Amino acid sequence: MAINFKDEAEVKKFITNLGIEYRFGCYSEKRSEVCHLLGDYLEAIDKDYKKASKVYKTNCDEYKYPRSCYKYATYSLLGKGCKQNYHDAYRYFEQGCNLDHPESCLHQGLLKVTKHDSSDIPIDILKGMQLLEKACAAKNANACYYLSGMYISGVRKPDVKVKHHEKVGDDAYEVKKNMEEAFKYAEHGCNLGHIYSCSNLSQMYSKGDGVVKDVALAEKYRKIALEMQAEIQSTKTLEFGQGIKN
């Protein structure tokens, strides 16, 4: 049945019925994809983050639905609808990643390579990079970008302390600078539509870093990055002009 979205009463009825439908599909039919939709409904419509977090957690634990694992991990990371707990966040990102959810692999990897003041999750650069590689291979553009950046600058061992402007030897690095690898991941990220990967790719071609210098290709990828930037700006302008945001 067609909905008249200009009729406020009709819209409210439709939304209420949608919530009933999701609850039935989740609790009675035990359909994991509908349970996830129920979590999204509780989050977006009811703004009941506590109930949403419980639905996501249960859907991950009992039905192994990877997107719900990712959502509950994010809630745990932020302390949204539940107590902030980095270990729970890591564990549920891990569950999502093991179920081949690229975004879960990305965030599990980032928790392994980044030190947080409120987190005691041990840093493991190589493990984190393996997870980022898995996410990148599954077409997560952000993971490709992070990997490229790590190879551009190199990654020092967590226990190495360096004073400002102090030079350190190769033995201080867990991952050494490798512009060829940096180029590979930047190219992959750009092909997946990541604007900063395209920008880095342009600079690499311009300088001959990790690839044979090619001014024409440097200009090609510079234009691609600019086109992406213009598209992002026009989308933002359109959304603002519409004036309808939840």
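Being a predicted model, the structure only gives us computed values, none of them experimental.
- Side-chain N or O atoms of K64 include one that pairs as donor or acceptor with a backbone N or O of D61 at under 3.5 Å.
- Ring pair H101/F93: centre-to-centre distance not below 6.0 Å.
- The shortest side-chain heavy-atom distance between E43 and Y49 falls under the 4.5 Å cut-off.
- K177 NZ: 12 or fewer foreign heavy atoms inside a 6.0 Å radius.
- Of all heavy-atom pairs between C190 and M228, the closest is O-CE, 4.2 Å.
- One hydrophobic cluster holds both V211 and Y196 under the rule that ILVMFWY side chains link at heavy-atom gaps under 4.5 Å.
- With K71 contributing its side chain and A52 its backbone, the two residues share no donor-acceptor pair below 3.5 Å.
- Clustering ILVMFWY residues whenever any of their side-chain heavy atoms sit less than 4.5 angstrom apart, transitively, puts Y72 in a cluster other than the one holding L78.
- In terms of modelled atom types and a separation under 3.5 Å, the side chain of T114 and the main chain of L110 share a donor-acceptor contact.
- Formation of a donor-acceptor pair under 3.5 Å by the K157 side chain with backbone atoms of D171 is found in this model.
- Side-chain contact between R222 and L217 is absent, with no heavy-atom pair separated by less than 4.5 Å.
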(message) Apply ring-ring contact (aromatic ring centres under 6.0 Å, His included) to residues Y151 and F183 and explain how you reach the verdict.
(response) CA-CA 9 Å; Y151 280 114; F183 172 83; over 10 Å; no
(request) Quick one: do R23 and D46 satisfy salt bridge (Lys or Arg N to Asp or Glu O under 4.0 Å)? Show the steps, please. (result) CA-CA 13 Å; R23 286 176 174 86; D46 290 354; 3.6 Å; yes
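- L226 has its side chain within reach of Q229: a pair of non-hydrogen atoms, C-beta onward, lies under 4.5 Å apart.
- L99 has its side chain within reach of C69: a pair of non-hydrogen atoms, C-beta onward, lies under 4.5 Å apart.
- Two different hydrophobic clusters hold L192 and Y185 under the rule that ILVMFWY side chains link at heavy-atom gaps under 4.5 Å.
- For the residue pair Q108 and Y90, a side-chain donor N or O sits within less than 3.5 Å of a side-chain acceptor on the partner.
- At a threshold of 4.5 Å between non-hydrogen side-chain atoms, the residues M150 and V175 do not count as touching.
- H36 places no side-chain N or O within 3.5 Å of a backbone atom of S32 that could act as its donor or acceptor partner.
- Taking all atoms of both residues into account, the shortest heavy-atom contact from G128 to V113 is CA-CG1, 3.7 Å.
- Across M179 and I152, no two heavy atoms sit closer than the pair SD-CA, 4.0 Å.
- Residues E29 and V34 have side chains not in contact (no heavy-atom distance under 4.5 Å, counting atoms from C-beta outward).
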(request) I would like to know whether E181 and K184 meet salt bridge (Lys or Arg N to Asp or Glu O under 4.0 Å); could you show each step before the answer? (result) CA-CA 5 Å; E181 286 294 296; K184 179 180 78 174; 3.2 Å; yes
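- Side-chain contact between P122 and K112 is present, with at least one heavy-atom pair separated by less than 4.5 Å.
- For the residue pair L111 and Y86, the shortest heavy atom distance occurs at CD2-CD2, 4.1 Å.
- Enclosure of atom NZ in K83 is not indicated, since only 12 or fewer non-hydrogen atoms of other residues, nucleotides or ligands lie within 6.0 angstrom.
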(message) The test is side-chain contact (heavy atoms from CB on, under 4.5 Å); show your working for K134 and L106 and say whether it passes.
(response) CA-CA 8 Å; K134 181 177 179 179; L106 166 68; over 6 Å; no
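- When atom types are taken as modelled, the side chain of K176 and the backbone of Y173 share no donor-acceptor pair closer than 3.5 angstrom.
- Q84 contributes a side-chain N or O that, together with a main-chain N or O of L77, makes up a donor-acceptor pair within less than 3.5 Å.
- A donor-acceptor pair under 3.5 Å links the side-chain atoms of S153 to the main chain of G149, judged by distance alone.
- There is no path of hydrophobic side-chain contacts, each under 4.5 Å, that joins Y56 to Y22.
- Side chain of Y92 to backbone of S68: no donor-acceptor contact under 3.5 angstrom is found.
- Figure legend: K54 and Y75 shown without cation-pi pairing, the cationic atom not lying both under 6.0 angstrom from the six-membered ring centre and within 45 degrees of its axis.
- No single ILVMFWY cluster, assembled from side-chain heavy atoms under 4.5 Å apart, contains both F24 and Y65.
- Counting only distance, with no hydrogens or angles, the side chain of S148 and the backbone of A182 share a donor-acceptor pair below 3.5 Å.
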